[in-house]
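First comes the structure, then the notes that go with it.
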Amino acid sequence: MARLQDKVTVVTGAANGLGQAIARRLGQEGARLALLDIDEPGLQALAAELRASGTEVTTCSGDVTEEAVVQQAFARIQAELGPVDVLVNNVGGSRNARIWEMSAADWDFTLRLNLRPTFLCTRAVLPAMMARRSGSIVCMSSGSREGTPWTAAHSGGAAYAAAKAGIHGFIRDVALEVSALGVRINAVAPGPIETDKTRAVFAEMNATLEHSPDRMVPMRRIGQPREIADAVLFLASDEASYVTGVTLDVAGGR
Ligand SMILES: NC(=O)c1ccc[n+]([C@@H]2O[C@H](COP(=O)([O-])OP(=O)(O)OC[C@H]3O[C@@H](n4cnc5c(N)ncnc54)[C@H](O)[C@@H]3O)[C@@H](O)[C@H]2O)c1
């Protein structure tokens with residue numbers, strides 16, 4: 001029996017990077033996927049690939065920081081697929097700058113992109129999860145929630161660190177609110193992970209910084225998206241049935 005057989009599973013930010021790897025991994029385990037992203041061509045390409053391998057996929061394109069977009073997407077998902085069993089709040093990102101040079105616009109962008117979709121999507125799925133006394137939510141924090149030497153040295157990541165610490169606080173509190181109602185919520189905190197977007201940046205950091213990822217990560221390597229997807233799968237599945245309110249570091253020992 002696959003680990004998420006027939007579970008209605010939403011992944012945000014699924015068109016690229018870690019979200020793509022998460023969608024592939026959960027699809028392999030029998031999930032019925034609803035993928036959300038602002039990148040419509042990327043969504044369609046992934047959906048075609050997954051359907052070709054036998055996975056059921058629905059796509060919703062739009063900006064998940066927008067309340068109306070999220071409300072419409074979840075209304076459609078629940079009408080088409082039924083109540084959501086698993087939500088992966090993966091969307092996130094950063095506009096980095098030294099804190100003394102950071103614009104308020106970049107600060108707001110980073111806080112909004114990491115926190116608002118997590119709040120809006122969680123709020124959208126919880127009533128049905130609580131009514132059925134079943135559901136698992138996995139959010140995306142980061143090792144950066146405690147500061148990251150290479151990011152600090154390279155460009156400055158305080159807004160991102162604040163946002164990802166915010167995700168940890170969010171899952172801790174929501175777990176207290178919903179644990180007795182049968183819903184679990186956890187986070188994964190990746191270290192530096194190689195994606196199409198990060199590959200060149202990490203290579204430059206390794207070549208130029210004293211406190212580089214390849215020196216500061218005890219395992220002495222960048223992680224792979226599949227390693228994050230496997231941790232998300234564990235927390236999403238019934239194998240983690242007594243795990244809630246946890247931020248799981250998947251960061252090579254940092
Ligand atoms: N890659 C890493 O090293 C790393 C490390 C720690 C944490 N993370 C976290 O993991 C998550 C995924 O990171 P990634 O590296 O795959 O990022 P990414 O930028 O490669 O992918 C993000 C996805 O989200 C989509 N997206 C962006 N803004 C959106 C919006 N407003 N509405 C809908 N979709 C939107 C993008 O189109 C893209 O498909 C993020 O939360 C990130 O902060 C990544």
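Source: prediction; values computed, not measured. Indexing begins at 1, ligand by ligand and atom by atom, following the structure's order.
Of the candidates S142, G13, A73, G13 brings a heavy atom nearest to atom 24 (O) of ligand 1. Of the candidates D39, D37, T12, it is D37 that places a heavy atom closest to atom 38 (C) of ligand 1.
Under 4.0 Å from ligand 1, heavy atoms of N90 appear from its side chain as well as its backbone. Only the side chain of K164 comes within contact range of ligand 1, with a heavy atom under 4.0 Å; no backbone atom does. Here A189 has no heavy atoms under 4.0 Å from ligand 1, in either its backbone or its side chain.
Closest protein heavy atom to atom 10 (O) of ligand 1: M140 CG, 3.2 Å. Among protein heavy atoms, atom 31 (N) of ligand 1 sits closest to D63 OD1, 2.8 Å. For atom 32 (N) of ligand 1, the closest heavy atom belonging to the protein is V64 N, 3.0 Å. Scanning the protein heavy atoms around atom 17 (O) of ligand 1, the nearest turns out to be G92 O, 4.4 Å. Given atom 5 (C) of ligand 1, the protein heavy atom at minimum distance is G191 O, 3.2 Å. Ranking protein heavy atoms by distance to atom 19 (O) of ligand 1, first place goes to K197 NZ, 2.6 Å.
Annotation: side chain to side chain donor-acceptor pair (under 3.5 Å) contacts of N186 (sequence neighbours excluded): none.
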Please report, to 0.1 Å, the donor-acceptor pairs under 3.5 Å made by any side chain of residues 168-179, with sequence neighbours excluded.
{"residue": "H168", "atom": "ND1", "partner": "T247", "partner atom": "OG1", "Å": "2.7"}
{"residue": "R172", "atom": "NH1", "partner": "G245", "partner atom": "O", "Å": "2.6"}
{"residue": "S179", "atom": "OG", "partner": "A175", "partner atom": "O", "Å": "2.5"}

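Surrounding CD of E210 are at most 12 heavy atoms belonging to other residues, nucleotides or ligands under 6.0 Å away.
At a 3.5 angstrom cut-off on N or O pairs, I38 counts as close to ligand 1. At least one N or O atom of Y160 sits closer than 3.5 Å to an N or O atom of ligand 1. Where the criterion is an N or O separation shorter than 3.5 Å, residue side chain and backbone included, I193 meets it with respect to ligand 1. Note: no N/O pair closer than 3.5 Å links F202 and ligand 1 by distance alone. Residue N16 has at least one N or O atom closer than 3.5 Å to an N or O atom of ligand 1. Inclusion of L18 in the set of residues having an N or O under 3.5 Å from an N or O of ligand 1 is warranted.
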Hey, mind stepping through V64 and I38 against side-chain contact (heavy atoms from CB on, under 4.5 Å) and telling me if it holds?
CA-CA 8 Å; V64 293; I38 205 167; over 6 Å; no
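Looking at R24 and E49, their side chains come closer than 4.5 Å, going by heavy atoms from C-beta outward.
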